[in-house]
Structures are given as structure tokens and as C-alpha cells.
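Worksheet: the structure to be examined is printed underneath.
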There are 2 protein chains.
Amino acid sequence: MAAEPKARTAPAAPEAPPSPSPSPEPALARVQALPSWLLNRASARGRRLVTEALARDGMRMAHHAVLSAVADLGPVAQAELGRTTGFDPKDMVGLLNDLQAQDLVSRAPDPADRRKNAITITPAGRRRLAKLAELGDEANEALLAPLTPAERTLFVALLTRVVEGDD
Amino acid sequence: MAAEPKARTAPAAPEAPPSPSPSPEPALARVQALPSWLLNRASARGRRLVTEALARDGMRMAHHAVLSAVADLGPVAQAELGRTTGFDPKDMVGLLNDLQAQDLVSRAPDPADRRKNAITITPAGRRRLAKLAELGDEANEALLAPLTPAERTLFVALLTRVVEGDD
DNA sequence: CTCCAACGTTGGCGATACCCACGTTACACG
DNA sequence: CGTGTAACGTGGGTATCGCCAACGTTGGAG
């Protein structure tokens, strides 16, 4: 059954869409060339680089992002931070606990709305933020090391459009 | 302390490299423009798309990858699969359990080396693989929807080089 | 005044990615 | 021919990440 009508030297199945052997061979290569696969690997590498870069300061990527958001948005509520950075309110609590424990932000009840906490960055927080930005840039430069400067900007541009694809 | 020496209408700090306020304002925008940040978000989106695409078959991205590897490498040991796909041997056990439970692969002791399991894809596995590849392609097309065909190939090429950066 | 929505917080779940320890088996070296 | 080293598959355990459910508190709209 299913003999080889035209047995050649190369085991190539020219066309046979319905039945088995739809692809010549490299099913693995196909999967590993999938954008979703590549993005996963690249993301893992980036996370690893950033993580070990910020680990020296006892911080994680999330801390950097939240601290940046606090710096920008002045006194701001946790929920608002969660919306702008994309973190879950639950996780925001822990992140701010960490930042507050190191006096990088202050958490005071908002007098105008006592449900909210007014998060503000401290001078030490600003200093730390500058350092974190530097470390983050270093890690990202290592991440994009295989690309030329022109390719990097192009890569970031394409990546941005892919990310904005889900609105 | 630390009053506002120059209270203007716009809080712009032109230049002051060594001390605080190294950037005018958008610290958050800087973080969110970092390749590591973008890769994280893009990867999450891709994973979500692929996950929900393969969920209809009760499979995950890892199953697709492993099944592809088995299809390519013929009868192959689990450790070899782990090396080529990048999965931990521990996790490979569970993945193969899932695939075997659905008769997509067969797991037999290798007569030549009784430490190893000879993993082989079944006819049902080949059929399923074709379907998985189709679903995976659909999800990836949705992922790269914001890009033109030319941009997609370029994007994949750049991504590949970034991934290969860690050798 | 009453009801609904938002806030911060706690607890928990599922997936991913690791790392270590164990018994089994193969192989190389003395 | 032993003997030790290493690889294999497997189970157990840990850390992080993203998410959802519930609850008490507070603000605001009707």
C-alpha cells in the first residue's frame, strides 16, 4: 500500500496535498522559522539579559517600568500605573512594595480621593532610575549586538508595529 | 527639601548629564521603546494567538515543535529531542506523554541503547502535524498582519539573527 | 439615601522555564 | 575484566509571569 511509483535517489514527494507527507522533511525548521517561535526565543534572551543586568541592583524589568511611569506621571494612583504599564493591580502592589522598601517611591493616601494611593518618585528614586536606564540600555545593546545600527532602528520600528497590532 | 529653584510653566530640564533629570520627561516611553520590552509584548501576543489556535486541538506550541522534531529525526531519543528543540528533559517527558496518549508518537525502548527511548511519529501523528502546521501558520499570519509581505520576511530575517546572537 | 463603580489588597491558578536527585544503562580506561 | 564516569529517562521541586476572584473601603450618580 502506498508504494513508491517513482523511486528516485532523493526521497522527495513532489505533490500530495491530502494524504501524508505534506512537506518534504524539515518540519522542525518550519516551526523554528515561525515568527511566534523566534519571538519567544528572542524575548527569552532579552529577558535573561535584562534580568541579570538589573539583578545587581536587586531590581527587575517591571520595577524599571513602574519607576519610569511614576517619574513621568507625577503623583499617580496605582490603578493608573497598572493601566499605562500593563501590569495587573495585584502585581503592582508587590512592585510598589519593593520600590517603597528602598525609598524609591512614596506611597501616601490621596487627600482628594481616599481610595487612591498617590505614588511619587523620591530623589533616590530618580537617581536609581538613571542607573536602571543605563543598565537597561546596556543589556539591550547586547541583545541587538548582531544587528547594525540601521538594522536596529528598523527592527524596533517593525517590532513596534507588530506590538500595536492588537490595539 | 529639594525645592523648585526654577518653577516654570513647563517642567523641562534642558541639559544636566551627571545629576538627576537626565531625560526631559518620557522615561516610560523610553522603557516601552526598549527592544526587550517590545519583544516581550510581541512574544506574549504571538504566544496568545498560537495558544488559542492550537487549543482547539488540545495542543500547545511545544507539542507542535516536538512533534515536528520527531517527524524529522525519525526514531530519536528524548534527550536528542530536548537538545534540538531547547526543552528541558523533564518537560519533554510530559510533552511526549501527551503526544503518546493521543497516539501521535510511539515510545519504545531503543534496542541498540536501552537507556534511550526511540520516539517515532505515527500516521495519526503525521496527519495531526499537517493540521498543526496549518493552524500555526494562520496564527502567525495574524501576528504579522500589520506588516507587508516584504516586511515580514525582513522582520523574520532580523529576528533570526537576534536569536542566533547567543550561539 | 441607595446603589453601583472604582480602588487597593490578598489569595490563588496555570503556564513556562529552570535545576537537582535518583536508578538504570553504556562506555572507556586502568 | 572490573570500575568509574557519563548519559538517559523520570520525578520532585522552585521561581517568575500573567491573570482572575473576592473583599472591604470609598466616591459618586440616581
Side-chain angles (χ1 to χ4, degrees), chain A residues 36-37 39-52 54-55 58-66 70 75-100 105-119 166, chain B residues 36-37 39-52 54-55 58-66 70 75-100 105-119 166:
Chain A
S36 55
W37 180 272
L39 278 173
N40 239 359
R41 290 222 142 262
S43 170
R45 189 166 108 89
R47 185 145 48 188
R48 197 160 32 82
L49 285 171
V50 172
T51 295
E52 66 192 26
L54 300 189
M59 301 262 111
R60 279 171 294 154
M61 183 167 39
H63 293 116
H64 183 195
V66 171
V70 174
V76 62
Q78 297 183 196
E80 177 67 15
L81 285 176
R83 271 177 239 117
T84 53
T85 55
F87 292 118
D88 191 275
K90 147 72 176 265
D91 305 317
M92 188 62 65
V93 173
L95 291 171
L96 288 175
N97 284 346
D98 298 340
L99 295 176
Q100 191 182 21
V105 303
S106 70
R107 182 152 43 172
D110 185 341
D113 188 341
R114 306 223 312 273
R115 292 173 304 178
K116 304 182 181 179
N117 280 342
I119 312 297
D166 55 352
Chain B
S36 53
W37 180 272
L39 278 173
N40 239 357
R41 291 223 141 261
S43 170
R45 188 165 110 88
R47 184 143 50 187
R48 194 161 37 81
L49 286 170
V50 173
T51 296
E52 66 190 26
L54 300 190
M59 300 263 108
R60 278 172 295 153
M61 183 167 37
H63 293 118
H64 183 197
V66 171
V70 174
V76 61
Q78 298 183 195
E80 177 66 15
L81 285 175
R83 271 177 238 116
T84 54
T85 57
F87 292 119
D88 190 276
K90 151 69 178 269
D91 305 318
M92 187 61 66
V93 174
L95 291 171
L96 288 175
N97 284 346
D98 298 340
L99 294 177
Q100 191 182 21
V105 303
S106 71
R107 182 152 43 172
D110 185 342
D113 187 340
R114 306 222 313 275
R115 293 174 302 178
K116 304 182 181 179
N117 280 341
I119 312 295
D166 54 353

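What you are looking at is a predicted structure, and each value in this text was computed from that prediction instead of being measured. Proteins get letters first, then strands, A, B, ... in listed order; numbering begins at 1 in each. These values consider heavy atoms only, across backbone and side chains, with no hydrogens, waters or symmetry-generated copies.
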How long is the gap from [atom1] on [X] to [atom2] on [Y], to the nearest 0.5 Å?
X: A:Ser43; Y: A:Arg48; atom1: OG; atom2: CZ; value: 11.0 Å
X: A:Ile119; Y: A:Leu96; atom1: CD1; atom2: CG; value: 5.0 Å
X: B:Met92; Y: B:Leu95; atom1: CE; atom2: CG; value: 6.0 Å

Give the rounded distance in Å between these two atoms: [atom1] of [X] and [atom2] of [N].
X: A:Leu95; N: D:dC19; atom1: CG; atom2: P; value: 14 Å
X: B:Ile119; N: D:dG9; atom1: CD1; atom2: P; value: 8 Å
X: B:Met92; N: D:dG9; atom1: CE; atom2: C1'; value: 12 Å
X: A:His64; N: D:dC17; atom1: NE2; atom2: P; value: 15 Å
X: B:Lys116; N: C:dC27; atom1: NZ; atom2: C1'; value: 12 Å
X: A:Leu81; N: C:dG8; atom1: CG; atom2: P; value: 9 Å
X: B:Glu52; N: D:dC19; atom1: CD; atom2: C1'; value: 15 Å
X: A:Met59; N: D:dT16; atom1: CE; atom2: P; value: 13 Å

Does [X] put a side-chain nitrogen or oxygen below 4.0 Å from OP1 or OP2 of [N]?
X: B:Asn117; N: D:dT10; value: yes
X: B:Arg48; N: D:dC17; value: no
X: A:Gln78; N: C:dA6; value: no

Look for any protein N or O under 3.5 Å of an N or O in nucleotides 14-17 of chain C and output each such pair with its distance, or none.
residue, atom, partner, partner atom, Å
C:dT16, OP2, B:Arg60, NH1, 2.5

| Between the axis at one end of the helix from C:dC1-D:dG30 to C:dG30-D:dC1 and the axis at the other (five pairs apiece), what's the angle to 10 degrees? |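 It works out to 10° between the end axes.
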| task | Please check if the side chain of B:His64 supplies one atom and the backbone of B:Met61 the other of a donor-acceptor pair under 3.5 Å. | result | no
| With sequence neighbours left out, what residues match A:Gln100 under side chain to side chain donor-acceptor pair (under 3.5 Å)? | A:Arg107
| request: Could you tell me which residues satisfy side chain to side chain donor-acceptor pair (under 3.5 Å) with B:Asp113, sequence neighbours excluded, listed by chain and number? | output: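 If we apply the side chain to side chain donor-acceptor pair (under 3.5 Å) test to B:Asp113, skipping adjacent residues, the hits are B:Arg115.
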| field | salt bridge (Lys or Arg N to Asp or Glu O under 4.0 Å) partners of residues 82-94 of chain A, not counting sequence neighbours, each pair once | value |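 Only A:Glu80-A:Arg83 qualify under salt bridge (Lys or Arg N to Asp or Glu O under 4.0 Å).
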| message | For a quick check, tell me whether the side chain of A:Lys90 and the base of C:dG8 share a donor-acceptor pair closer than 3.5 Å. | response | no
Show each protein N/O and nucleotides 27-29 of chain D N/O combination with a separation under 3.5 Å, one pair to a line.
residue, atom, partner, partner atom, Å
D:dG27, OP1, A:Arg114, N, 3.2
D:dG27, O4', A:Arg115, NE, 3.4

| 4.5 Å side-chain heavy-atom contact, A:Met59 and A:Leu99 |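 A:Met59 vs A:Leu99: side chains touch.
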| pair A:His63-A:Leu54: side-chain heavy atoms closer than 4.5 Å | no
| query | Which pair of non-hydrogen atoms, one from B:Arg41 and one from A:Gly86, has the smallest distance, and what is that distance? | reply |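 Distance-wise, the nearest heavy atoms are NH2-CA, 3.8 Å.
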